[in-house]
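Keep in mind that the numbers below use all heavy atoms, side chains included, and drop hydrogens, waters and symmetry copies. Lettering follows sequence order; numbering is per chain, from 1.
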Amino acid sequence: MTTPRGPQPFAGQEKRLRLLAFVRQDSVVRVDKRVEDTAMVWPHLLVIEFIAAMLWSIGLFVIAAAFNAPLQDHATPDCTPNPSKAPWYLLNLQELLLHMDKGLAGVVVPTVWLTFMAAIPYIDRSREGVGIYFTSANGKRITIFAAVFATVGTFSLILLDAFLKAHGYIEFATEHFPGGKQLLPNYLIPIGVMIGLSVLLVLIVQRLYAANTREWMIAVYTGFVAVYLVLTVVGTSMRGPGMDLFPPWAVPSTHQCLEPNI
Amino acid sequence: MLEIPAQIWQKTKTSYIWRSLFRHGYPDSRKNQSLAVFTNVFLHLHPVKVRRHALAIPYTWCMGGLSFFLFLILTLTGTLLMFYYHPSVDGVYNAYGDIKDLETVVVFGQLLRNMHRWAAHGMVITVFLHMIRVFYTGSYKPPREFNWVIGTLLFFFTILLSYTGYLLPWDQLAFWAVTVGYEIARATPFIGDEFSFVVFGGFQLGPNALLRFYVLHVVGLPLATGFLIAIHFWRIRKDGGITGPL
Ligand code: HEM
């Protein structure tokens with residue numbers, strides 16, 4: 001028997017729909033749809049789409065009728081509200097800014113993260129578990145572990161930072177650290193913590209759960225989602241004037257104009 | 001008596017004009033259902049058949065579809081808002097005044113503005129949830145690698161769209177929220193000044209920034225996003241529809 005040339009269908013899916021008679025299908029499309037087990041788009045899918053669109057239209061309409069979009073006074077460059085906050089979906093970055101150099105938190109970290117995220121499919125290439133939530137029972141356990149790990153870790157770091165700052169950390173660093181408060185506190189320590197904790201997470205799940213590539217990827221991604229959410233929540237509901245940390249129920253209201261003595 | 005409407009309907013359906021519009025009968029047979037989908041420019045985004053699994057709402061949460069739906073709503077309400085908006089900071093017709101007018105003078109202006117605003121927040125949420133479902137179902141795996149990359153870009157553009165829109169009312173909230181971003185842009189390593197100068201049109205937030213954000217918000221970013229969505233959908237088809245257990 002000769003071995004067939006060119007790309008081969010994925011195992012178990014040799015039987016396929018052929019769309020173009022003269023072009024090898026694998027050279028144009030990579031379909032893993034079997035002939036059986038299908039439903040007509042009209043009406044089955046269209047009905048779902050229609051109902052979803054209607055429900056959302058009504059929902060949006062009700063929300064828009066009930067809640068007004070905010071509008072404050074005319075912009076005045078001389079009057080800085082304290083605190084000034086970005087829109088909520090960027091408050092995670094603004095929260096990150098408080099703990100390291102601005103350019104690092106606001107530009108480098110998101111760029112690195114987006115690049116890493118785009119690269120995920122090129123790192124985790126197996127087709128194991130496609131179409132199954134969390135891939136496996138092990139994947140589910142890893143998801144929960146990583147979520148707890150990242151949530152607790154992030155909260156602790158934020159609290160630690162607030163504690164240290166309240167006890168003269170910045171002054172101490174300025175005097176005693178090589179490179180003052182720039183080099184270590186603003187760059188090296190945060191970079192080390194971010195990379196270190198990610199690597200630690202991967203090592204732990206490999207140890208505890210014998211994680212393969214897909215599974216440690218789940219851990220890293222879950223960690224990202226958890227950190228993202230924690231930073232967003234803290235930035236939105238726990239930061240008051242001076243971007244100081246408050247419990248969510250006791251955040252003082254924003255001072256509309258920054259005055260030196262309040 | 002009763003046969004009159006039936007006759008009219010029959011006449012209409014066989015008329016020259018009707019048949020120039022629709023080239024198939026009512027979609028109640030497999031053949032006509034197929035024809036309905038692939039002879040209609042809007043429906044032909046879909047294949048004629050999908051895997052039964054793809055219909056399961058617990059699987060997709062409908063989040064991709066709803067992101068697209070919100071994108072359409074935003075395009076529609078946004079275009080209507082453009083009729084009332086001048087991207088300038090002062091003068092007789094200015095951005096802030098226009099928003100005030102929308103709230104007080106324009107019929108249904110407040111509702112229009114609210115819909116645009118809340119749909120924008122909603123889209124950030126739906127896109128995020130969609131990304132999460134795609135990740136956890138492993139739907140970025142071969143052959144869908146590149147569509148995931150397109151998706152990453154879509155996520156980024158969705159945030160940029162929201163952010164540029166945030167400045168447009170030119171109130172205190174807008175101004176200072178965008179100032180936070182401006183400070184970040186200036187802190188970009190090595191090219192901070194050049195980068196922020198290009199994006200914000202100067203060394204402080206002023207009329208140039210408003211104009212740039214406006215143009216990006218109503219032309220540049222929606223076009224880019226629409227373009228990416230088109231590729232995204234095309235790739236879904238070419239990759240064999242959405243994933244399911246093998
Ligand atoms: C404007 C934003 C977006 C729109 C309108 C959109 C729309 C859609 C739609 C309608 C689907 C079909 C299945 C479903 O509804 O789940 C889909 C699938 C998909 N999307 Fe998106 N999407 C967007 C953003 C993203 C993002 C941010 C990612 C990931 C980073 C992504 C990655 C994918 C992938 C890989 C598929 C194929 C999933 C599968 O085969 O199961 N998309 N998208």
Side-chain angles (χ1 to χ4, degrees), chain A residues 12 29-33 37-42 44-45 48-49 52-53 56 60 63-65 67-76 80-81 84-87 89-90 93-94 97 101-103 106-108 114 117-118 120-122 124-127 129-135 214 221 225, chain B residues 27 33 36-37 46-52 55 62 65-66 69 96 99 110-111 113-115 117-119 124 132 135-138 140-143 145 148-149 152 156 159 162-163 166 169-177 179-181 183-184 187-189 238-241 243-246:
Chain A
V29 282
R30 297 177 67 192
V31 180
D32 55 23
K33 180 166 53 183
D37 184 34
T38 50
M40 296 299 284
V41 162
W42 181 306
H44 301 292
L45 180 57
I48 294 178
E49 289 178 351
W56 273 63
L60 182 63
I63 291 173
F67 302 99
N68 281 345
L71 185 66
Q72 299 182 350
D73 293 340
H74 192 282
T76 333
T80 315
S84 315
K85 288 193 182 181
Y89 43 82
L90 291 177
L93 289 185
Q94 202 182 344
L97 286 188
D101 175 73
K102 265 189 191 160
V107 183
V108 179
L114 280 176
M117 206 167 78
I120 288 178
Y122 300 93
D124 169 23
R125 301 194 210 167
S126 76
R127 285 174 48 82
V130 170
I132 299 168
Y133 270 102
F134 309 110
T135 301
R214 161 71 174 156
Y221 187 83
V225 173
Chain B
Q33 288 171 343
V37 171
H46 301 94
V48 166
K49 291 171 169 187
V50 291
R51 301 182 61 191
R52 206 164 273 287
L55 300 175
C62 282
L66 287 175
F69 173 71
Y96 185 73
I99 305 288
Q110 174 86 65
L111 185 71
R113 173 163 187 244
N114 293 351
M115 284 182 75
R117 182 82 163 206
W118 302 138
V124 174
I132 287 182
F135 180 84
Y136 284 113
T137 55
Y140 57 81
K141 287 162 172 281
E145 305 96 323
W148 169 267
V149 176
T152 317
F156 184 55
I159 301 260
S162 268
Y163 179 70
Y166 214 82
W170 203 250
D171 62 343
Q172 278 288 78
L173 190 65
F175 186 87
W176 292 102
T179 301
V180 174
E183 298 287 329
I184 295 180
T188 309
K238 294 292 129 180
D239 295 340
T243 51
L246 293 176

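In terms of heavy-atom pairs under 4.5 Å with chain B, the best-connected choice from K102(A), H74(A), R125(A), Q94(A) is H74(A). Most heavy-atom pairs under 4.5 Å with chain A, from the set Y140(B), Y163(B), F135(B): that is F135(B). Each of N68(A), V107(A), V225(A) has some count of heavy-atom pairs under 4.5 Å with chain B, and the biggest count is that of N68(A). Chosen from A86(A), A65(A), G106(A), the residue pairing most often with chain B at heavy-atom distances under 4.5 Å is A86(A). Of all the listed residues (L71(A), I63(A), L60(A), D101(A)), the one sharing the greatest number of non-hydrogen pairs under 4.5 Å with chain B is L71(A).
With a threshold of 4.5 angstrom between heavy atoms, F156(B) approaches chain A through side-chain atoms but not through N, CA, C or O. When heavy atoms are compared at a cutoff of 4.5 Å, Y122(A) approaches chain B solely by way of its side chain, counted from C-beta outward. With a threshold of 4.5 angstrom between heavy atoms, R117(B) approaches chain A through side-chain atoms but not through N, CA, C or O. Of the atoms belonging to W148(B), it is side-chain heavy atoms, and not backbone ones, that fall under 4.5 Å from chain A. Heavy-atom distances place the side chain of Q110(B), and not its backbone, under 4.5 Å from chain A. For T179(B), no part lies under 4.5 angstrom from a heavy atom of chain A. Interface remark: V48(B) contributes backbone and side-chain atoms alike to the contact with chain A (heavy atom separation under 4.5 Å). Using a 4.5 Å cut-off between heavy atoms, A119(B) contacts chain A through both its backbone and its side chain. Contact of Y166(B) with chain A is made through the side chain alone, with heavy-atom distances under 4.5 Å. Looking at L66(B), the atoms closer than 4.5 Å to chain A (heavy atoms on both sides) all sit in the side chain, from C-beta outward. Using a 4.5 Å cut-off between heavy atoms, F69(B) touches chain A through its side chain atoms alone.
H46(B) and L45(A) get closest at one heavy-atom pair: CD2-CD2, 3.3 Å. Nearest heavy atoms, P189(B) versus V108(A): CG-CG2, 3.8 Å. Residue P143(B) comes nearest to R127(A) through the heavy atom pair CD-NH1, 3.6 Å, listed as atom of the first residue, atom of the second, then distance. Smallest separation of non-hydrogen atoms from S126(A) and P142(B): O-CD, 4.2 Å.
A 6.0 Å sphere centred on CZ of F67(A) holds no more than 12 heavy atoms belonging to other residues, nucleotides or ligands.
Between the side chain of E145(B) and the backbone N or O of P121(A), no donor-acceptor pair lies under 3.5 Å. Here the side chain of Y89(A) pairs a donor or acceptor atom with the backbone of S162(B) at under 3.5 angstrom.
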Please determine whether side-chain contact (heavy atoms from CB on, under 4.5 Å) holds for the pair V180(B) and K85(A), giving the CA-CA distance in whole Å, both sets of side-chain angles, and the decisive distance to 0.1 Å. CA-CA 7 Å; V180(B) 174; K85(A) 288 193 182 181; 6.0 Å; no

Taking it one step at a time, do I48(A) and L55(B) satisfy side-chain contact (heavy atoms from CB on, under 4.5 Å)? CA-CA 8 Å; I48(A) 294 178; L55(B) 300 175; 4.1 Å; yes

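Ring-plane geometry between F175(B) and W170(B) is classed as perpendicular, the angle between the planes exceeding 60 degrees on a 0 to 90 degree scale with a lower cut at 30.
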